[in-house]
Amino acid sequence: MEARIAILPSEEAWAAHGRPDSPRPADLRSMVERAVSAGGGVVGPPAEADGLVWLVPGEPEVLRATLEANPRIRWVQFPWAGVERFIPSGVFGLPVVFSCAKGSFAGQVGEHALMLILACLRSVSRQARTPRWDPVDPRSLHGRSVTILGGGGIAVELIRLLEPFGCRIRVIRRRPDGVEGAGETLPPAALHAVLPETDVLVLALALTPETTHVVDAAELALLPEHAVVVNVARGGHIRTDALVEALRAGSISAAGLDVTDPEPLPEGHPLWDDPRVLITSHCADSAEYVARMFCERVERNVRNLRAGLPLEGVIDPATGY
């Protein structure tokens with residue numbers, strides 16, 4: 001069957017929300033147009049479209065109005081893995097299939113998580129900030145106990161990368177099915193039981209009302225003093241004030257953060273000054289990689305839509321991811 005796909009970018013919204021090195025909307029639109037054509041689809045206006053590729057960073061109410069004004073649209077593709085900003089609008093309650101880019105960017109984000117883990121264990125941030133000879137004993141990743149919150153693509157990729165280190169890996173996830181390569185896959189209720197045995201805690205899950213501040217003062221207090229915390233998901237998973245206090249009190253030894261709350265983290269925030277903290281500015285994946293992976297997903301999903309096959313990255317309206 002033929003599939004007509006609308007593409008709605010916004011120059012102003014992209015300039016306001018996108019990273020400086022992100023492809024401009026016109027560039028990304030041309031890439032998405034080629035992906036739609038490669039999948040056998042035809043680009044057209046929303047009024048004639050079966051699907052919609054939504055490139056606007058945010059603006060859930062605008063999306064909702066667009067869908068209500070164009071009832072023919074039965075599928076929406078987002079270019080991001082996290083879509084938490086759309087949940088409050090209720091847009092996921094509309095009779096439309098929504099898919100996001102979850103799992104698409106796992107390769108580079110998994111690499112980044114491994115880099116942050118190693119940097120924390122080997123005091124790289126402290127060493128880089130010390131303008132004199134100051135040897136610090138490194139800690140090895142080999143044989144460490146790693147707990148990963150989240151069982152999606154990033155977790156799977158990180159587990160693959162951790163294989164040579166012989167780590168003992170536990171995954172905490174909502175779904176009961178096991179994650180390949182993990183020694184154990186446990187439900188969220190098991191988190192407190194495993195934290196005292198955790199050397200490295202990695203956050204790689206979707207941000208929902210249930211997972212906001214999943215790591216708070218109580219969870220940080222349960223970790224051993226030598227533990228490191230790495231977040232490559234969303235800043236809202238960790239209560240920032242609790243993290244600052246845990247570091248001040250020596251309850252944990254280090255933190256590697258690609259995301260923060262608030263984001264961007266304001267200048268002068270105590271996390272910037274802590275030599276045990278390594279912060280990267282939400283840049284675990286490159287703009288070129290993101291655009292390429294996203295367009296590959298668009299191509300496959302257009303092809304699947306035409307063939308009546310399941311779409312990749314479908315969002316569960318009940319959970320918001």
Side-chain angles (χ1 to χ4, degrees), residues 58 80-88 102 109 112-113 115-117 119-121 125-126 145-152 154-155 158 170-174 186-284 319-321:
W80 321 283
V83 293
E84 62 276 359
R85 70 188 72 180
F86 289 86
I87 295 175
K102 57 183 175 182
V109 180
H112 203 81
M115 180 275 294
L116 290 174
I117 293 170
C120 286
L121 290 173
S125 182
R126 172 182 161 182
S145 173
V146 179
T147 298
I148 304 174
L149 304 190
I154 296 171
L158 179 57
R170 292 186 179 99
V171 169
I172 304 288
R173 71 181 308 188
R174 184 180 60 87
L186 304 169
L191 177 60
H192 281 199
V194 304
L195 286 177
E197 305 170 4
T198 296
D199 300 316
V200 178
L201 177 64
V202 180
L203 289 91
L205 69 167
L207 184 63
T208 67
E210 291 73 25
T211 64
T212 298
H213 296 159
V214 65
V215 174
D216 207 330
E219 288 72 32
L220 292 166
L222 288 170
L223 287 166
E225 291 182 358
H226 65 264
V228 303
V229 176
V230 168
N231 191 359
V232 291
R234 289 291 187 267
H237 289 308
I238 301 176
R239 191 182 293 276
T240 303
D241 290 346
L243 178 62
V244 171
E245 177 57 27
L247 288 161
R248 186 201 65 78
S251 301
I252 60 173
S253 68
L257 310 172
D258 187 52
V259 290
T260 60
D261 182 23
E263 189 173 297
L265 193 66
E267 293 184 21
H269 193 280
L271 287 176
W272 286 121
D273 296 325
D274 194 319
R276 297 163 297 174
V277 179
L278 176 58
I279 299 173
T280 56
S281 303
H282 205 153
C283 54
T319 61
Y321 67 90

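Computed from a prediction, not measured in an experiment: that's the story for all the values here.
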Quick one: does [X]'s side chain have a donor or acceptor within less than 3.5 Å of a partner on [Y]'s backbone?
{"X": "Asp216", "Y": "Ala218", "result": "no"}
{"X": "Trp272", "Y": "Pro266", "result": "yes"}
{"X": "Ser125", "Y": "Val277", "result": "yes"}

How many angstroms lie between [atom1] in [X] and [atom2] in [Y], if you round to the nearest 0.5 Å?
{"X": "His192", "Y": "Glu219", "atom1": "NE2", "atom2": "CD", "value": "3.5 Å"}
{"X": "Ser281", "Y": "Asp258", "atom1": "OG", "atom2": "CG", "value": "8.0 Å"}
{"X": "His112", "Y": "Ile154", "atom1": "NE2", "atom2": "CD1", "value": "11.0 Å"}
{"X": "Leu222", "Y": "Leu195", "atom1": "CG", "atom2": "CG", "value": "5.5 Å"}
{"X": "Thr240", "Y": "Ile238", "atom1": "OG1", "atom2": "CD1", "value": "7.5 Å"}
{"X": "Leu201", "Y": "Thr147", "atom1": "CG", "atom2": "OG1", "value": "6.5 Å"}

message = I'd like to check the side-chain contact (heavy atoms from CB on, under 4.5 Å) partners of Glu245; sequence neighbours left out, ordered by chain and number.
response =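 With neighbours one apart ignored, the set is Arg248, Ala249.
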message = Using the side-chain contact (heavy atoms from CB on, under 4.5 Å) criterion, which residues pair with Ala246? Sequence neighbours excluded.
response =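 Expected list: Leu220, Ser251, Ile252.
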Any [X] side-chain heavy atom under 4.5 Å of [Y] side chain:
{"X": "His213", "Y": "Asp261", "value": "yes"}
{"X": "Thr211", "Y": "Leu149", "value": "no"}
{"X": "His269", "Y": "Val244", "value": "yes"}

What pair of heavy atoms forms the shortest contact from [X] to [Y], and how long is it?
{"X": "Ala242", "Y": "Ala217", "answer": "CB-N, 3.6 Å"}
{"X": "Gly256", "Y": "Cys120", "answer": "N-SG, 3.4 Å"}
{"X": "Ala119", "Y": "Leu278", "answer": "CB-CD2, 3.6 Å"}

task = Check Leu271, Thr280, Leu116, Leu203 against Leu257 for a side chain to side chain contact (heavy atoms under 4.5 Å, CB included) and give me the one that passes.
result =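 Going through the options one by one, the only one that passes is Leu271.
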Salt bridge Arg170-Glu197, side-chain N to carboxylate O under 4.0 Å =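 A salt bridge links Arg170 with Glu197.
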Can I get a per-line list of side-chain donor-acceptor pairs under 3.5 Å for residues 223-233, giving both atom names and the distance, sequence neighbours left out?
| residue | atom | partner | partner atom | Å |
| --- | --- | --- | --- | --- |
| His226 | NE2 | Asp199 | OD1 | 2.5 |
| Asn231 | OD1 | Ala233 | N | 3.0 |
| Asn231 | ND2 | Arg234 | O | 3.0 |

